[in-house]
Amino acid sequence: MLELEQAKKRVQELRGLIDYNNHLYYDQDAPELEDFQYDALTRELRELEAAYPELVTPDSPTQRVGGAPSSRFAKVTHAVKMESLLDAFSYEELRDFDRRVRDAGMEPEYVVEIKIDGLSCSLEYENGQLVRASTRGDGVVGEDVTENVRAIRSIPKTLKGDNPPAYLEVRGEVYMPHDVFQKLCEEQELQGAAPFKNPRNAAAGSLRQKDPKVTGSRGLRIFLFNVQQVRGVELTSHAQSLDYLRALGLPVSPRYHLVRDIDAAITEIEQIGQERAALGFDMDGAVIKVDSFAQRRQLGSTAKFPRWAIAFKYPPEVKETRLLDIEINVGRTGVLTPTASFEPVTLAGTTVSRATLHNGEIIQQLGLCIGDTIQVRKAGEIIPEVTGVVRHAEGAEPYRMPTVCPSCGAPVVHLDDEVALRCINPECPAQALRNLIHFASRDAMDIDGLGVAVCTQLVDKGLVRTAADLYTLTREQLLTLEKFKEKKAGNLLEAIARSKQNNLDRLVFALGIHNIGDKAAAQLAEHFGAMEALQGASVEEICTINGFGELMAQSVVEFFAKEGTTDLVRRLRELGLNMRWQGEPRTDRLAGLTLVVTGTLPTLSRKEAEALIVKNGGKAAGSVSKKTAYVVAGEAAGSKLTKAQELGVPVLSEAEFLAMLEEKPAEA
């Protein structure tokens, strides 16, 4: 047992670690720790606080639920607190829970359910109609995500039956099925975006989108597991309530069984554990709940947990196997990703023989050699992962990442202190599809009808290798694609032809220069006026542009120095694409000023407002600091507006911002 001072120090360390990871998990939807690692930290903290009650404070993570509600959404105060559950990691802890219930003077029956791994959500219905949806937040205050939930087709907007309750609030878990998650990750990779780490993060990130259309496109679903409030009907037990929700057409917890005692509950938990591999969604345990609502009221809750329920967490399954090879795949962004190939093992009910190693640094940390005996597990029950080396093969040497791209043979590099190795050859065959998708995207050449599915077909059929090939496509070639008829082919050809007249900034952005976004592309196009001048620019010349540093300038120079880039630009020029800046002349009304746009403006989109800032000589920043000259704020401005007020930064409405741009500079 630690001495008091040592315990106090360790408690502070644990609280810092847990708070940091709570922020990543609940607020950023981007956890760094696996569930079992996080559980180990919270378990250690609870044990220390139990041993030293004087160290317990109201702000301890053990006394709080979830994360803070985001400023992106309106706040909802929950009439019934959305509590979290006490975790158990052994059957003895489950029996301790049962003893505590019986010591309170009752003979309980239990309901055992699957614990879905998603984002906790409340749905409220009035007279059978969905009126509000909210996230758990910190358990007391959550986020209003009604419009996003309305966009999810699998969530009923109207209850079944002729006599719905006057009011019903139910709690459930929004999740993303495995097949949907895998498809989403493939699309993210094609578009050059970082894929979600696991289905839970994907569900949380999708539900909390600003645009409900994005939420609706993500294939989210929900399982409901609790009645929070109901008026107009009398419910006396949990099993009865789940049956009632099912009769109303609501998707309830997929497996729930009423059992007579703790032994039967443990048997059911074992059965769930054996069958969990066959589930099409993530689960992170099983839950035991007292069935009787009257007994629940008698048992009550602690500051954080109900005393009438407990969650059992299954230990991660780890297997040993032999590493056969490390294969290198080139992603759509040019990143080289190593994948371990090993002798097949069965994990969580499925046979696996491959696992991503992410990058060369992880290979080095693990000390991997071909032929090693390694440990493999499934992270989050779905993604195979190499966790360590048990023993090295005799005479084996550490694996080294390649120095050239396995797809095109060009040298690979680390860019901007990236851990990953990257091929930056613009004509690398492995990157053709991703480059094409980016070239045609809305912020680039904006070719309507040329989405991911069509781009994939064009590349797979060998009709397009680089963006220049788009401009030589024929109607006959397009008619060989799936779902293409005369009208669709004609519309796409017209959209491709129209894109030739786009302004130079769109073309510069479409080329996909590393470190150059759409705003930087516009600055380059306006500053140099023509593609030819930009191609011949030096680092020093580019650095004279406001906001450009050596890193961005070097990226531009290196990109245009490549033979593949020269050939691509030449072909695009010969095919008739506009190579000159056609924008309105730039003003200096905002010269030297940094502005931040936040919230929803009455008439301008955020991109349009930021474009006006840049066009008038200012810098459009994404965060507020002491260097910010003005904040342009609309509705639901949130934390950026609060930060501006704290720092005393002037806040402008859209009308005031536009009026500022119309002012003529004073005469000398």
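What's counted below: heavy atoms across the whole structure, side chains too, no hydrogens, waters or symmetry copies. Small disclaimer: the values here were computed from a predicted structure and weren't measured.
Counting non-hydrogen atoms of neighbouring residues, nucleotides and ligands closer than 6.0 angstrom, the OH atom of Tyr630 reaches no more than 12 such neighbours. Heavy-atom neighbours of Lys160 NZ from other residues, nucleotides or ligands within 6.0 Å: at or below the threshold of 12. Residue-environment remark: CZ (Arg221) stays at or below the threshold of 12 foreign heavy atoms within 6.0 Å. The 12-atom threshold is exceeded at CZ of Arg354, counting heavy atoms of other residues, nucleotides or ligands nearer than 6.0 Å. Other residues, nucleotides and ligands contribute only 12 or fewer heavy atoms inside 6.0 Å of the NZ atom of Lys619.
Using a 3.5 Å distance cut-off with no hydrogens or angles, the side chains of Ser441 and Asp443 do not pair a donor with an acceptor. No hydrogens or angles considered: a donor-acceptor pair under 3.5 Å links the side chains of Gln228 and Asn226. Judged purely by distance below 3.5 Å, without hydrogens or angles, the side chains of Thr642 and Glu646 never pair a donor atom with an acceptor atom. Side chain to side chain, Thr158 and Gln129 meet the donor-acceptor criterion of an N or O pair below 3.5 Å. Side-chain polar atoms of Ser206 and Arg218 form a donor-acceptor pair below 3.5 angstrom. For the residue pair His358/Glu385, the side-chain donor-acceptor check at 3.5 Å is not satisfied. Using modelled atom types and a 3.5 Å distance limit, the side chains of Thr603 and Glu654 yield a donor-acceptor pair.
Taking the ring axis of Tyr314 as reference, the NZ or CZ atom of Arg276 stays within 45° of it and closer than 6.0 Å to the ring centre.
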Run the numbers on Leu123 and Ile222 for side chain to side chain contact (heavy atoms under 4.5 Å, CB included), then give the verdict. CA-CA 10 Å; Leu123 305 180; Ile222 194 170; 4.1 Å; yes
Carefully, step by step, assess Met283 and Asp117 under the rule side chain to side chain contact (heavy atoms under 4.5 Å, CB included). CA-CA 5 Å; Met283 52 90 80; Asp117 193 13; 5.6 Å; no
Please evaluate residues Arg132 and Val76 with respect to the criterion side chain to side chain contact (heavy atoms under 4.5 Å, CB included), reporting the C-alpha separation (whole Å), side-chain torsions for both, the decisive distance (0.1 Å), and the verdict. CA-CA 10 Å; Arg132 188 164 68 171; Val76 174; 3.6 Å; yes
Does the pair Val111 and Ile288 meet the rule for a side chain to side chain contact (heavy atoms under 4.5 Å, CB included), with working shown? CA-CA 6 Å; Val111 174; Ile288 299 176; over 6 Å; no
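Closest heavy-atom contact between Pro384 and Ala355: O-CB, 3.5 Å. Summarising the geometry of Val464 relative to Leu470, their closest heavy-atom pair is CG2-CD2, 4.2 Å, with the distance given to 0.1 Å. The heavy-atom pair separating Ser623 from Val596 by the smallest distance is O-CG2, 3.4 Å. Counting all heavy atoms, side chain and backbone alike, Pro156 lies closest to Pro251 at CD-CD, 3.9 Å. Taking both residues in full, the closest heavy atoms of Pro212 and Glu147 are given as CB-O, 3.8 Å, listed atom of the first, atom of the second, then distance. Val631 approaches Ala644 most closely through the heavy-atom pair CG2-CB, 3.7 Å.
Using a 4.0 Å cut-off between a side-chain N of Lys or Arg and a carboxylate O of Asp or Glu, Glu143 and Arg208 qualify as a salt bridge. Looking at Arg255 and Glu275, a side-chain N of the basic residue comes within less than 4.0 Å of a carboxylate O on the acidic one, giving a salt bridge. At a threshold of 4.0 Å, the pair Lys313-Asp87 counts as salt-bridged, since one of the basic side-chain nitrogens sits closer than that to a carboxylate oxygen.
Panel note: side chain Asn502, backbone Met445; a donor-acceptor pair is recorded below 3.5 Å. One N or O on the side chain of His438 and one on the backbone of Phe509 form a donor-acceptor pair closer than 3.5 Å. In this structure, Glu126 contributes its side chain and Val131 its backbone to no donor-acceptor pair below 3.5 Å. In this structure, Lys183 contributes its side chain and His178 its backbone to no donor-acceptor pair below 3.5 Å. A donor-acceptor contact shorter than 3.5 Å links the side chain of Glu656 to the backbone of Ser653. In this structure, the side chain of Lys487 does not engage the main chain of Lys485 through any donor-acceptor pair within 3.5 Å. Under a 3.5 Å cut-off, the side chain of Thr146 and the backbone N or O of Ala133 do form a donor-acceptor pair. Judged purely by atom type and a 3.5 angstrom limit, Asp282 has no side-chain atom pairing as donor or acceptor with the backbone of Asn198. No donor-acceptor pair under 3.5 Å is formed between the side chain of Thr598 and the backbone N or O of Leu641. Without hydrogens or angle criteria, Glu608 side chain to Leu604 main chain gives no donor-acceptor distance under 3.5 Å.
To the nearest 0.5 Å, the span separating CG on Leu220 from CD on Gln209 amounts to 9.5 Å. For the atom pair CZ (Phe439) and CG (Asp446), the distance works out to 12.0 Å, reported to the nearest 0.5 Å. To the nearest 0.5 Å, atom CD of residue Glu610 and atom OG of residue Ser605 are 8.5 Å apart. Taken from CD in Gln457 to CG in Leu481, the straight-line distance is 4.5 Å, to the nearest 0.5 Å. Taking CG from Asn435 and CG from Leu511, the interatomic distance works out to 9.5 Å, rounded to the nearest 0.5 Å. Here the CD1 atom belonging to Ile152 is positioned 12.0 Å from the CZ atom belonging to Arg150, to the nearest 0.5 angstrom.
For the pair Ile114/Pro254, a side-chain contact is recorded, criterion being any heavy-atom separation below 4.5 Å from C-beta on. Here the side chains of Leu463 and Leu478 are not in contact, with every heavy-atom distance at 4.5 Å or above. Between Asp448 and Leu492 there is no side-chain heavy-atom pair separated by less than 4.5 Å. Annotation: side chain of Leu159 is in contact with side chain of Pro165 (closest heavy-atom distance under 4.5 Å). Using a 4.5 Å heavy-atom threshold, the side chains of Phe225 and Val287 count as separate. Side-chain contact between Asp518 and Asp505 is absent, with no heavy atoms from C-beta onward closer than 4.5 Å. Counting heavy atoms from C-beta outward, Thr135 and Cys121 have side chains that stay 4.5 Å or more apart. Looking only at side-chain heavy atoms (C-beta outward), Glu113 and His238 come within less than 4.5 Å of each other.
For the side chain to side chain contact (heavy atoms under 4.5 Å, CB included) with Leu248, the lone residue among Val170, Leu224, Leu168 that qualifies is Leu168.
Relative orientation of the Tyr175 and Phe223 rings is parallel, given thresholds of 30° and 60° on the angle between their planes.
Taking the six-membered ring for Trp and the full ring otherwise, the centers of Tyr125 and Tyr167 sit at least 6.0 Å from each other.
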